[in-house]
There are 2 protein chains.
Amino acid sequence: MPDLSIDVVAKAAGVHRSTVSRAFSRPEAVKRETREHILKVAEGLGYTMSPLAQALRTKTSTFIPLIVPDITNPFFAELAKTMTQAADDRGYQLLLCVTNGDPAKTDGYFTAMQAMYAPFGIVAPSTKVDTEAMKRFDFGHKVVVIDRVEGDDAVPTVTVDSRRGIMIALEHLHSLGHTSIGYVSGIAGTHTAQDRMDAYLELSAESGSAPVVLDSGSDLDAGTRGAEHYLEMDNPPTAIIAANDMVAFAVISALGQRGVRVPEDVSVIGFDGLALGARFNPPLTTVRQPIADMGHIAIELAEKQNIDGSVDHIVLEPQLLVRGSTSGPRK
Amino acid sequence: MPDLSIDVVAKAAGVHRSTVSRAFSRPEAVKRETREHILKVAEGLGYTMSPLAQALRTKTSTFIPLIVPDITNPFFAELAKTMTQAADDRGYQLLLCVTNGDPAKTDGYFTAMQAMYAPFGIVAPSTKVDTEAMKRFDFGHKVVVIDRVEGDDAVPTVTVDSRRGIMIALEHLHSLGHTSIGYVSGIAGTHTAQDRMDAYLELSAESGSAPVVLDSGSDLDAGTRGAEHYLEMDNPPTAIIAANDMVAFAVISALGQRGVRVPEDVSVIGFDGLALGARFNPPLTTVRQPIADMGHIAIELAEKQNIDGSVDHIVLEPQLLVRGSTSGPRK
DNA sequence: TCGGTTGCTGAGATCGGTTGCAATAACACT
DNA sequence: AGTGTTATTGCAACCGATCTCAGCAACCGA
């Protein structure tokens with residue numbers, strides 16, 4: 001594969017490099033036939049422009065970093081998937097950056113992002129660590145966050161309405177006849193986790209039933225502990241809301257190992273709407289986040305901000321997704 | 001953030017650009033004190049070299065593309081996770097490329113990879129499409145494939161021993177007392193899927209029991225169809241081997257919806273060893289692939305090949321991971 | 001026929017580094 | 001002191017594009 005530079009094409013087409021460059025990046029500035037000829041020659045040679053050289057010169061690239069803490073978490077995986085598509089649709093190239101919760105790595109990715117002249121980046125939920133780093137690198141105006149953020153003002157965000165989601169879950173459970181509804185918390189550090197918990201506490205109180213927090217832990221074992229707590233109770237709730245689908249899985253699994261069946265003995269509802277949930281045993285009823293929309297919107301927000309400097313905060317509506325893990329309470 | 005180029009540092013340190021360059025990339029070529037001084041100045045300015053400019057000039061970068069068909073599949077997610085780490089350990093930066101099975105995208109990533117001067121790339125399973133593209137782009141000698149490959153010779157591979165894995169599953173099931181063991185196939189197009197199927201067929205025959213292929217389909221619904229098939233049988237097997245964990249999940253889920261319980265009514269064993277399986281209901285017994293090892297080894301293989309041109313084929317041993325989805329056959 | 005536009009293309013500097021080559025300094029040896 | 005090495009550093013071309021500016025031809029109206 002002979003090295004193909006713009007000069008090679010230029011020579012082959014009998015024009016100057018700058019003309020070739022224009023033929024590609026500013027078509028209207030080149031005479032129609034010249035351009036067509038150049039394009040044909042380039043095509044024949046199998047030439048493509050070097051994104052590196054391009055980025056170096058123009059100080060802007062088409063690389064969009066997506067920073068997630070853990071790609072193993074299906075929520076982030078689905079997000080990554082739809083965002084890859086969304087980015088692609090708009091001519092960007094998504095770069096997945098997995099921090100594994102390591103602040104040093106977050107820092108690393110931010111500097112890399114800077115160095116690669118990424119026009120903007122997307123940060124998925126999103127501990128304080130990440131947002132701090134964001135500011136430190138003066139990226140406040142080039143990042144979209146998929147979560148609510150501390151100083152809500154500086155950076156655009158897209159979130160789903162946590163309170164509404166919990167409300168939907170509660171309503172669903174109420175409508176099935178449940179009155180005693182427990183809660184198991186999710187991954188700590190994120191605002192959404194906190195929001196969901198708060199919403200549960202408030203809405204429970206409002207509806208007159210006492211909140212039962214089975215576990216407020218942060219790690220992946222919250223589900224397991226929540227289940228244990230449930231088993232120890234004299235008068236356990238007849239339904240459980242899990243802060244997210246992964247936790248719901250863990251709860252159901254742990255319960256199952258103790259002989260408690262879902263939904264026969266206790267109903268469980270998740271939060272996320274993972275595709276995986278459809279293949280769980282039983283299929284998981286859950287509050288669905290419009291993940292695909294989030295991806296597209298995040299990119300739109302970023303582009304919009306880059307143009308007119310606007311900082312928007314989009315809040316999406318979650319939806320109820322009824323599958324098999326909820327039913328009426330056991331008599 | 002003032003633009004930080006090598007010249008800025010050079011001026012600040014009172015030396016020439018080339019000296020700064022050497023201080024970073026060829027330390028031994030600069031007098032100790034000079035280097036230290038430069039590094040200090042750079043540090044103070046918060047300077048980092050531009051990987052872009054560097055790659056452009058040296059025609060080699062530290063970007064390692066990892067090409068996967070679907071990041072939503074937990075197997076690839078786990079692979080991506082460990083490979084990110086492995087790459088990081090060696091000073092590389094992993095770029096996750098998700099093709100969603102789109103050949104055009106695969107092509108796109110390959111050219112991008114070429115343009116970015118990636119020293120090599122990793123392709124995870126891996127339909128014919130991918131391997132063809134590999135050759136088309138003359139990347140045969142710069143790619144490691146995580147799967148077995150057609151013309152096994154040209155490109156280094158790391159795989160786990162499918163036959164051995166199936167054997168382990170079979171042995172486990174036999175030791176529990178099962179004699180009639182069904183099989184549900186996995187995602188098509190990959191060699192590993194074919195290998196596992198073949199191994200099942202052969203080994204079943206050898207052990208004297210007739211193979212029962214519940215579904216040989218390729219898509220994600222193979223599990224569901226397999227379960228349906230099972231339900232229609234007059235004399236269904238007492239255990240099922242699923243070609244991979246995802247399929248196992250689907251099988252158990254579909255079975256569960258029809259009132260068939262695992263492992264009480266039928267045992268199910270998966271293949272992959274996903275962390276997710278531990279939180280399934282019931283926790284999934286499975287044949288574990290050493291995913292983390294695969295990641296590290298893939299990178300080692302690539303580096304080795306880059307140095308001495310060797311093309312190795314590493315085959316790893318799978319392990320049995322007993323959890324809760326298998327037990328003795330129902331009397 | 002001449003000054004003024006307009007449209008297109010070529011020259012050459014530049015982005016941020018790398019690197020072969022030359023220049024200088026320092027040191028060893030006869 | 002004279003000469004040969006060796007260690008450092010500066011110079012300048014180069015990687016593959018982009019972009020401003022200038023040159024040039026065609027075109028317009030008077």
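Below, read A as the first sequence line, B as the second, and so on, with proteins coming before strands; counting in each chain starts at 1. Both backbone and side-chain heavy atoms feed into the values below; hydrogens, waters and symmetry mates do not.
Residue A:T60 is classed as having no contact, given no heavy-atom separation below 4.0 Å to the nucleic acid. Residue-level contact check: B:Y117 touches the backbone only, with heavy atoms under 4.0 Å from sugar-phosphate atoms and none from bases.
Between A:L56 atom CG and C:dA13 atom P there is a gap of 18 Å when expressed in whole angstrom units. Nucleotide C:dT9 holds its P atom 14 Å from the CD1 atom of A:I6, rounded to whole Å. If you take CG of A:L52 and C1' of C:dT18, they are 14 Å apart, rounded to a whole angstrom. Spacing between atom CD of A:Q54 and atom C1' of C:dT14 amounts to 16 Å, rounded to whole angstrom units. In this structure, B:K11 places its NZ atom 12 Å from P of C:dG16, rounding to the nearest Å. At whole-Å resolution of the value, CZ in A:F24 and P in D:dG16 are 15 Å apart.
Between B:S21 and C:dT18, a side-chain N or O to OP1/OP2 separation shorter than 4.0 Å is present. At C:dG16, one or more side-chain N or O atoms of A:K59 fall inside 4.0 Å of OP1 or OP2 (strictly under the cut-off).
Distance alone, capped at 3.5 Å, is enough to place a donor-acceptor pair between the B:E78 side chain and the B:A275 backbone.
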What nitrogen or oxygen pairs link the protein and nucleotides 7-14 of chain D at under 3.5 Å?
{"residue": "D:dT9", "atom": "OP1", "partner": "B:T34", "partner atom": "OG1", "Å": "2.4"}
{"residue": "D:dT9", "atom": "OP2", "partner": "B:K31", "partner atom": "N", "Å": "3.0"}
{"residue": "D:dG10", "atom": "OP2", "partner": "B:H16", "partner atom": "N", "Å": "3.0"}
{"residue": "D:dG10", "atom": "OP2", "partner": "B:T19", "partner atom": "OG1", "Å": "2.6"}
{"residue": "D:dG10", "atom": "N7", "partner": "B:R22", "partner atom": "NH2", "Å": "3.0"}
{"residue": "D:dC11", "atom": "N4", "partner": "B:S18", "partner atom": "OG", "Å": "3.2"}
{"residue": "D:dA13", "atom": "N6", "partner": "B:R17", "partner atom": "NH2", "Å": "3.3"}
{"residue": "D:dC14", "atom": "O2", "partner": "B:R57", "partner atom": "NH1", "Å": "2.7"}

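The shortest heavy-atom contact between B:L45 and B:A12 is CD2-CB, 4.2 Å.
At a threshold of 4.0 Å, the pair B:E28-B:R22 does not count as salt-bridged, since none of the basic side-chain nitrogens sits closer than that to a carboxylate oxygen.
The ring of A:F120 has its center closer than 6.0 angstrom to the ring center of A:Y92.
Annotation for A:R90: atom CZ counts as buried by contact number, over 12 foreign heavy atoms lying within 6.0 Å. Heavy-atom neighbours of B:E43 CD from other residues, nucleotides or ligands within 6.0 Å: at or below the threshold of 12.
In the set C:dT18, D:dC19, D:dA17, D:dA17 carries the atom at the smallest distance from any side-chain atom of A:M49.
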Please report the C-alpha distance between B:Q93 and A:Y109 in whole Å, then the side-chain angles of each, then the deciding distance to 0.1 Å, and finally whether the side-chain contact (heavy atoms from CB on, under 4.5 Å) criterion is met. CA-CA 9 Å; B:Q93 187 116 16; A:Y109 283 127; 3.1 Å; yes

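Across the strands present, D:dA30 finds its partner in C:dT1; the criterion is a Watson-Crick or G-U wobble pair with both atom distances under 3.5 angstrom.
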